[in-house]
Amino acid sequence: MKILVLQLARLGDIYMSWPALRALRRQHPKSEIHFLTRPRFEGAVYGLGAIDKHLSLPAGFILEPMVRSEADTRQALARLDGFLAEIGKVEYDLIVNLTFSPFSSYLTHYLTGSNTKVLGYTRHSDGFLNLADEVSQYFYSQVGFDRWNRVHVADVFASLLGVQFTEDDWKAPVMALNIELPENYLVVHIGASENQKVLSAEKWARMLTYLIERKPLVPIVLIGAANEKHIADNIKQKISSKQIFDLVGQTKIYELFPIIQNAIMLIGCDSAPIHIASLTDTATLNISIGQVNFWETGPKATHGFVYRAESAESLIAQRVGEIAALLLEGTVVPELITRAAGLTSYHKKESAQDRFCWDLTQAIYLGNPFPVSEDIRFYEAIMKLEDINGFIMEQLTNYKNNSLREILDRADEIIHSISQLVPDVRPIVSWYQAEKIRIPPGASEDIMASTIHIHKTLDRLLKVYILQDEKVAVQEAEHGKI
Amino acid sequence: MQKELENYLAIALKKLEGACAEMIKKSTYNKETEKMKMLIELTKEQVKNENTRIATR
């Protein structure tokens, strides 16, 4: 059996795919597994023994003719053709798309043969997005920074494959530490995958200054990419300390494995070293800044901790230093988000209302109890959605109406607007929108039947709250409140 | 320099999208239009610094 796995996202996503690839190998021990990544991030495949062949998507080469004052799209298409011809030589029995992106969905569909099973995003024959499996539907509707999913991406991958992880799926590759480092050091990753996730040299310096004063015997090893060298240089200008060992720009990504494995703790923002530490099971303090959903991409190390800051500017560097020092002393402060076992990987102190959207998501997808909202606007939005849905269902009984398409589109716009105004209904509306996308091309009658089914299911979902609202109204009336 | 390259890509992207739309109008969705769609999405991801999470939908 030949299996192709696509992971065309970045370093951290590739490392988060390692457990899934190992589980896939366990599931299909005699299969040939090919793994497609971008050449820029191929360092993250080094040491992954579960695959048979590593393939590269030559994105830079394909796009080069377009990055000119006179773009040559024909040449770019010809280069893409060349890549597709090469990868298309193999007829895959299974394609697993772990990328969940538009490009990967087109590529998956292009490579799908008549006997190929597909997991993850692909396309229908008419080019529209195909969320063929339940996990893809969930990913499309509920996963992302601005959404309310709390299942870690690595666990979403496991669900897609239908596997349960074992301890071995999370092991680090065996690599020797070829750099001389002191004992019992702390490793600090000063960079991040995006500018908005990174701390300034000044903030790092303040944090490390506090840490050095509090823990003078703990060596600190700085790591980062070559293009982050200026941050390290800046930090060292501000702190003159023999405790700091600068490895920034001196290591390949995979050389970080033994460095992180031998550390007493890793401190870093949202980036690949956090996920390396998940595999080495090194204690981790993840400084999670801005537009990051830590539930999805936080540390999976047994002793993993998340410190959330809305922005780099709002983060109090000295406080982070203090928190890190306390962790080294075995004390976990209340403002830290801590690791947990179960469906979600972390435990965070929050109110039921803070957790509402996640509880609602679990109710929709897992059959958990529907949560009660304390916000009257939620119930008002539900009633509006129920009205519109009722109107749509009436229109659907007359699907030969020439204006039906226009009416349905307009109704969907209104549903979308309601979800923008009242965010707490978004899990339901996102579910609905993803279900509509899942309808495959086909005969009008079949499309209509699928559409009606979706609206009936939506009606049942909404009625959970309509009936609750009526019950509450009845109870309040009996107690003389209204 | 990076900004200049992004500008070239953005201009090329607009042309590609136009050409693809024309192609789909003249014939149904097929392997050739699929390749063009691939190139369009690959370009968009590059402009977003290969952050496919942003390009997910």
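Below, read A as the first sequence line, B as the second, and so on, with proteins coming before strands; counting in each chain starts at 1. Values below: all heavy atoms of this structure, side chains included; hydrogens, waters and symmetry mates excluded.
Between the OH atom in A/Tyr106 and the NZ atom in B/Lys37 there is a gap of 4.0 Å [rounded to 0.5 Å]. The line from CG of B/Leu42 to CG of A/Leu63 is 4.5 Å long, rounded to the nearest 0.5 Å. A/Arg38 CZ to B/Gln46 CD: the interatomic distance, rounded to the nearest 0.5 Å, is 6.5 Å. Here the straight-line distance linking atom CZ of A/Arg68 with atom CG of B/Leu9 works out to 12.0 Å at 0.5 Å rounding. Taking CZ from A/Arg123 and OH from B/Tyr29, the interatomic distance works out to 6.5 Å, rounded to the nearest 0.5 Å. In this structure, CE in A/Met66 is found 6.5 Å from CG in B/Leu13, a value given to the nearest 0.5 Å.
A search for side chain to side chain contact (heavy atoms under 4.5 Å, CB included) contacts involving A/Gln420 returns A/His416, A/Arg426, not counting sequence neighbours. When the side chain to side chain contact (heavy atoms under 4.5 Å, CB included) test is applied to A/Thr361, the partners found at least two apart in sequence or on another chain are A/Tyr138, A/Gln142, A/Trp148, A/Trp358, A/Tyr365, A/Pro427.
At most 12 heavy atoms of other shown residues, nucleotides or ligands fall within 6.0 angstrom of atom CD in A/Glu70. Sparse packing is recorded around CD of A/Glu91, with 12 or fewer heavy atoms of other residues, nucleotides or ligands lying under 6.0 Å away. Within 6.0 Å of atom CZ in A/Phe128, 12 or fewer heavy atoms from other residues, nucleotides or ligands are found, so the atom counts as exposed in its surroundings.
Annotation: cation-pi pair B/Lys44/A/Phe103 absent, no NZ/CZ under 6.0 Å from the ring centroid and within 45° of its normal.
Using a distance-only test at 3.5 Å, with no hydrogens or angles considered, a donor-acceptor pair links the side chain of B/Lys31 to the main chain of A/Tyr110.
Within the 4.5 angstrom heavy-atom criterion, only side-chain atoms of A/Leu57, from C-beta onward, approach chain B. Only the side chain of A/Leu80 comes within contact range of chain B, with heavy atoms under 4.5 Å apart. Only the backbone of A/Ser125 comes within contact range of chain B, judged by heavy atoms closer than 4.5 Å.
Residues B/Glu41 and A/Ser101 form no side-chain contact, since every pair of their non-hydrogen atoms from C-beta on lies 4.5 Å or further apart.
Nearest heavy atom pair, residue B/Lys35 against residue A/Leu77, reads O-CD2, 4.0 Å.
Residues in residues 125-139 of chain A take part in these salt bridge (charged side-chain N to carboxylate O under 4.0 Å, His left out) pairs, two or more places apart or across chains: A/Glu134-A/Arg438.
At a heavy-atom cut-off of under 4.5 Å, chain A is reached by B/Leu16 from residues 16-25 of chain B, listed in order of number.
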